[in-house]
Amino acid sequence: FFFQAEDGIRDAQESRGLGDVYKRQLLDFDEICDYIATQHDKGERVLVYCKDGDSFSPAIVIAYLIYAKRIDVTRASLLVFGRRLTVDVSKKLYTQVMQLSLIHI
C-alpha cells in the first residue's frame, strides 16, 4: 500500500491520498495513523511519501511513531530526522504532531 501525503495520481486499490493538503496545511493524524496501523496489522507494508519528502511524509511518520509505538515527540522526531537529512516539517504540521503526542502518550 502507498500512502500519498498530497493530491496526485494514484491507483485507488493500492494507494490512498489526502487531497489538497497544501491549501489547508492540516492533516487528520488520527485517521492517517489508524489507516497505517490497520494495514500493518494485516501484515501489509505502507510507503508514506509526498512530492518533496521533507514536510508532509516525515510529519506523518513522526505522528505514526507517536500514535502506534507510543514514542514521545522528541524521540520520534530524532528517529525520522536521523534517517532523512532533508526534513523540514512546517511549523503548522509540527504543532499538530506535538498536539497528537499530548493525546497519545
Side-chain angles (χ1 to χ4, degrees):
F1 286 87
F2 296 95
F3 196 93
Q4 186 169 338
E6 62 194 49
D7 202 16
I9 299 170
R10 57 191 174 271
D11 181 337
Q13 294 180 358
E14 297 293 326
S15 177
R16 180 172 178 188
L18 296 178
D20 190 5
V21 293
Y22 290 116
K23 290 181 183 171
R24 54 189 158 97
Q25 289 277 312
L26 294 171
L27 299 176
D28 184 344
F29 283 116
D30 283 315
E31 178 186 354
I32 294 165
C33 293
D34 186 54
Y35 173 80
I36 294 170
T38 298
Q39 299 311 312
H40 185 264
D41 291 345
K42 292 179 186 176
E44 300 289 342
R45 297 173 69 182
V46 178
L47 171 66
V48 178
Y49 68 98
C50 62
K51 182 180 176 187
D52 296 324
D54 61 356
S55 187
F56 288 107
S57 56
I60 290 170
V61 173
I62 293 168
Y64 176 74
L65 290 171
I66 293 166
Y67 178 91
K69 305 297 182 183
R70 302 297 190 244
I71 296 174
D72 67 83
V73 68
T74 302
R75 185 164 169 233
S77 298
L78 289 173
L79 284 169
V80 171
F81 297 161
R83 297 214 181 238
R84 180 154 175 95
L85 300 176
T86 60
V87 172
D88 185 24
V89 176
S90 73
K91 186 176 181 179
K92 197 169 195 176
L93 286 175
Y94 202 75
T95 299
Q96 284 184 265
V97 169
M98 290 173 53
Q99 290 170 346
L100 181 79
S101 72
L102 296 174
I103 297 167
H104 291 285
I105 294 293

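Basis for what follows: all heavy atoms, side chains included, without hydrogens, waters or symmetry-related copies. In this text the structure is predicted, and so the values were computed from the model without any measurement.
The distance from atom OH of Tyr94 to atom CG of Asp88, rounded to the nearest 0.5 Å, is 12.5 Å. To the nearest 0.5 Å, atom NZ of residue Lys91 and atom CD of residue Gln96 are 14.0 Å apart. Residue Cys33 holds its SG atom at 6.0 Å from CG of Leu100, rounded to the nearest 0.5 Å. Separating the CD atom in Gln39 from the CG atom in Asp34 is a distance of 10.0 Å, to the nearest 0.5 Å.
When atom types are taken as modelled, the side chain of Ser101 and the backbone of Val73 share no donor-acceptor pair closer than 3.5 angstrom.
Between Ile60 and the choices Leu93, Val89, Ile36, the side chain to side chain contact (heavy atoms under 4.5 Å, CB included) rule is met once, by Ile36. In summary, of the residues considered (Leu78, Ile62, Leu65), a side chain to side chain contact (heavy atoms under 4.5 Å, CB included) with Ile71 occurs for Leu65 alone.
In terms of heavy-atom proximity, Ser55 sits nearest to Ser90 at OG-N, 3.1 Å. Phe29 and Ala63 get closest at one heavy-atom pair: CD2-CB, 3.3 Å. Residues Tyr64 and Ala37 come closest through the heavy atom pair CE1-N, 3.8 Å.
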_Worked verdict on Tyr35 versus His40 for side chain to side chain contact (heavy atoms under 4.5 Å, CB included)_ = CA-CA 9 Å; Tyr35 173 80; His40 185 264; over 6 Å; no
_Worked check of side chain to side chain contact (heavy atoms under 4.5 Å, CB included) between Thr38 and Lys42_ = CA-CA 6 Å; Thr38 298; Lys42 292 179 186 176; 3.9 Å; yes
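Heavy atoms of other residues, nucleotides or ligands lying less than 6.0 angstrom from CZ of Arg84 number more than 12.
Annotation: side chain to side chain donor-acceptor pair (under 3.5 Å) contacts of Asp72 (sequence neighbours excluded): none.
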